[in-house]
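Inspection log for the structure reproduced underneath, given as structure tokens.
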Amino acid sequence: MKTSRRNFICSVSAAGALAALPASAFAQGIASKTLDILVLGGTGFIGPHEINYARARGHNVTMFNRGKTAPGMFPNVEALIGDRDDQLDSLKGRDWDAVIDNSGFYPRHARLSAELLHGHVDQYMFVSSISAYGEDMTVDDNEFSAAYGVMDDPTDESEPPYGPTYGPRKALCEQEVTKVFGDKAIHIRPGIITGTGDPTERLRHWLKRIKAGNEILVPGQEDLPVQYIDAADMTGWMVRMLEDSGSGPYNAVGAEAPYRARPLLEGIRDATGSKSKLTWIDWEWIRKEASDIPGYAPWYGQGPIPFMQVNNDRALATGLTFRSIEETAKDMIANLKEGDVPEGRGDGFDLETEEKLLKKWHAEKG
Ligand SMILES: NC(=O)c1ccc[n+]([C@@H]2O[C@H](COP(=O)([O-])OP(=O)(O)OC[C@H]3O[C@@H](n4cnc5c(N)ncnc54)[C@H](OP(=O)(O)O)[C@@H]3O)[C@@H](O)[C@H]2O)c1
């Protein structure tokens, strides 16, 4: 998958990144200097990982959010209340070493916070997405060669945060932050984040089904690539990068090489001692049988961009490391709640539909 062209481009960017980051970037444990870090957000999925890791490294953390999501989650962390939508007063008159912006979805919001914080934080780390890339991105692209996606009206805020123009809005947010912070802007572009606290079914669906231990319908092809990153790995690397002054965009996708769907699921099954049988069924066949196609098999949804084969050389060169997907799976299974098993309801199939389809498939194919 790695072409010589891509390797050439990335060796150039990786060398630059390595020069920017001393060896301490790779150290675990307590940071060599204490930072005051502002987290815009903090109480959703990745925010708690960032906050726990930063505090464990010895940093001071302040959160800024509306106080709606999981209030009281961090009784010992300073919480500033406000809204990205022009209610930023609680941030005024304060200084931090760095900000991690988890909650930027609209370019106007990114501009407001970047302008207000300029001169009051040294580094602005914006959590973007690989969705920021345009549709013509290829597997040969990296952070610098792939173009941003665009939207008709960049000022349109009519969609919800994760609505259809999510990607182009992330691209515009990045540009707003860079306009203000220049090379002190860091853009983290994750693909599929999972791990403890993952609110989606994208890995959890499979864990629930594997835990239940019976036959599982797996849609798609066995050798399609899939990239998951554990939130703990990603956020630890983000905090270490603030300690050592990263700069520019980083694709935050795992692992070293994309997993393939079959070894991924079989590895999890075997590591957890499950007796599940995985039955792979082609999407085209499923489409004919069921109208409600589930979106929880990310290896199928190659999407408009090859978003399961995104280049991560630059992040690897700046100290991003990965635990195994089996370890992530075991942590998540340990945290599954009673009601999560064994129903295995994903975004699409319920168990009843799944059983019906399996029966029909076996009757047809033997
Ligand atoms: N999950 C993935 O696979 C994935 C992939 C690519 C990129 N990302 C990006 O990663 C980030 C992940 O977010 P997260 O939910 O995990 O982060 P988080 O920091 O854990 O949670 C989101 C926070 O934002 C706050 N917030 C929401 N709207 C706000 C507003 N209008 N004003 C002020 N605060 C607001 C929420 O608190 P209140 O509700 O109390 O305000 C909450 O604390 C997002 O930017 C997402 O686009 C995620």
Side-chain angles (χ1 to χ4, degrees), residues 37-54 61-74 77-91 99-110 112-113 116 124-133 149 157 159-163 165-174 177 186-204 226-235 238-239 249-254 295-296 298 301 303 305 307-308 310 312 315 328 332:
I37 301 175
L38 170 66
V39 174
L40 302 183
T43 55
F45 169 33
I46 68 170
H49 287 275
E50 290 161 359
I51 291 174
N52 287 328
Y53 186 84
V61 177
T62 305
M63 297 183 294
F64 171 89
N65 53 52
R66 295 167 302 180
K68 286 186 180 173
T69 304
M73 181 186 261
F74 289 108
V77 172
E78 182 186 22
L80 301 177
I81 299 300
D83 194 315
R84 300 298 302 260
D85 194 10
D86 214 7
Q87 292 170 32
L88 304 177
D89 283 359
S90 59
L91 297 175
V99 58
I100 303 178
D101 182 348
N102 292 333
S103 54
F105 295 92
Y106 302 98
R108 182 177 56 87
H109 292 184
L112 286 172
S113 53
L116 187 139
Y124 198 115
M125 179 177 272
F126 180 74
V127 180
S128 181
S129 167
I130 57 164
S131 302
Y133 293 122
E157 295 182 1
E159 282 178 7
Y162 290 100
T165 56
Y166 166 74
R169 279 185 278 115
K170 282 288 192 189
L172 290 162
C173 287
E174 285 191 15
V177 172
I186 304 171
H187 301 300
I188 304 297
R189 297 175 181 161
I192 292 189
I193 311 171
T194 192
T196 307
D198 180 355
T200 75
E201 292 294 299
R202 294 179 297 190
L203 183 58
R204 204 172 49 162
V226 56
Q227 289 180 310
Y228 287 106
I229 187 166
D230 191 303
D233 293 331
M234 185 183 85
T235 55
M238 287 163 60
V239 170
Y250 298 85
N251 293 332
V253 295
Y296 53 75
I305 59 170
F307 80 107
M308 284 297 156
V310 175
N312 59 9
T328 297
M332 289 175 73

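In this text the structure is predicted, and so the values were computed from the model without any measurement. Indexing begins at 1, ligand by ligand and atom by atom, following the structure's order. Below, each value reflects all heavy atoms present in this structure, side chains not excepted, and no hydrogens, waters or symmetry copies.
- Residues passing the ring pair (Phe, Tyr, Trp, His ring centres under 6.0 Å) test with His109, sequence neighbours excluded: Tyr106.
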Check: every ligand 1 N/O to protein N/O pair under 3.5 Å:
{"unit_1": "ligand 1", "atom_1": "3 (O)", "unit_2": "Ile193", "atom_2": "N", "d": "3.0"}
{"unit_1": "ligand 1", "atom_1": "3 (O)", "unit_2": "Arg202", "atom_2": "NH2", "d": "2.7"}
{"unit_1": "ligand 1", "atom_1": "16 (O)", "unit_2": "Phe45", "atom_2": "N", "d": "3.2"}
{"unit_1": "ligand 1", "atom_1": "16 (O)", "unit_2": "Ile46", "atom_2": "N", "d": "2.8"}
{"unit_1": "ligand 1", "atom_1": "19 (O)", "unit_2": "Gly42", "atom_2": "N", "d": "2.6"}
{"unit_1": "ligand 1", "atom_1": "19 (O)", "unit_2": "Asn102", "atom_2": "ND2", "d": "2.9"}
{"unit_1": "ligand 1", "atom_1": "20 (O)", "unit_2": "Gly44", "atom_2": "N", "d": "2.7"}
{"unit_1": "ligand 1", "atom_1": "20 (O)", "unit_2": "Phe45", "atom_2": "N", "d": "3.0"}
{"unit_1": "ligand 1", "atom_1": "20 (O)", "unit_2": "Gly47", "atom_2": "N", "d": "2.8"}
{"unit_1": "ligand 1", "atom_1": "21 (O)", "unit_2": "Gly44", "atom_2": "N", "d": "3.1"}
{"unit_1": "ligand 1", "atom_1": "28 (N)", "unit_2": "Arg66", "atom_2": "NH2", "d": "3.2"}
{"unit_1": "ligand 1", "atom_1": "31 (N)", "unit_2": "Asp83", "atom_2": "OD1", "d": "3.0"}
{"unit_1": "ligand 1", "atom_1": "32 (N)", "unit_2": "Arg84", "atom_2": "N", "d": "2.9"}
{"unit_1": "ligand 1", "atom_1": "39 (O)", "unit_2": "Arg66", "atom_2": "NH2", "d": "2.9"}
{"unit_1": "ligand 1", "atom_1": "39 (O)", "unit_2": "Thr69", "atom_2": "N", "d": "3.4"}
{"unit_1": "ligand 1", "atom_1": "39 (O)", "unit_2": "Thr69", "atom_2": "OG1", "d": "2.5"}
{"unit_1": "ligand 1", "atom_1": "40 (O)", "unit_2": "Gly67", "atom_2": "N", "d": "3.1"}
{"unit_1": "ligand 1", "atom_1": "40 (O)", "unit_2": "Lys68", "atom_2": "N", "d": "2.6"}
{"unit_1": "ligand 1", "atom_1": "40 (O)", "unit_2": "Thr69", "atom_2": "N", "d": "2.8"}
{"unit_1": "ligand 1", "atom_1": "41 (O)", "unit_2": "Arg66", "atom_2": "N", "d": "2.8"}
{"unit_1": "ligand 1", "atom_1": "41 (O)", "unit_2": "Arg66", "atom_2": "NE", "d": "2.7"}
{"unit_1": "ligand 1", "atom_1": "43 (O)", "unit_2": "Gly42", "atom_2": "N", "d": "3.4"}
{"unit_1": "ligand 1", "atom_1": "43 (O)", "unit_2": "Thr43", "atom_2": "N", "d": "3.0"}
{"unit_1": "ligand 1", "atom_1": "43 (O)", "unit_2": "Thr43", "atom_2": "OG1", "d": "2.6"}
{"unit_1": "ligand 1", "atom_1": "45 (O)", "unit_2": "Asn102", "atom_2": "O", "d": "2.6"}
{"unit_1": "ligand 1", "atom_1": "45 (O)", "unit_2": "Lys170", "atom_2": "NZ", "d": "2.8"}
{"unit_1": "ligand 1", "atom_1": "47 (O)", "unit_2": "Tyr166", "atom_2": "OH", "d": "2.6"}
{"unit_1": "ligand 1", "atom_1": "47 (O)", "unit_2": "Lys170", "atom_2": "NZ", "d": "3.1"}

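- Classified by interplanar angle (parallel below 30°, tilted 30° to 60°, perpendicular above 60°), the ring pair Phe126/His187 is perpendicular.
- For Tyr124, the ring pair (Phe, Tyr, Trp, His ring centres under 6.0 Å) partners two or more places apart in sequence, or in a different chain, are Phe181.
- Side-chain contact annotation: Asn251 with Tyr133, donor-acceptor N/O pair under 3.5 Å present.
- Between the CG atom of Asp101 and the CE atom of Met125 there is a distance of 11.0 Å, given to the nearest 0.5 Å.
- Here Pro71 pairs with nothing under the side-chain contact (heavy atoms from CB on, under 4.5 Å) rule; sequence neighbours left out.
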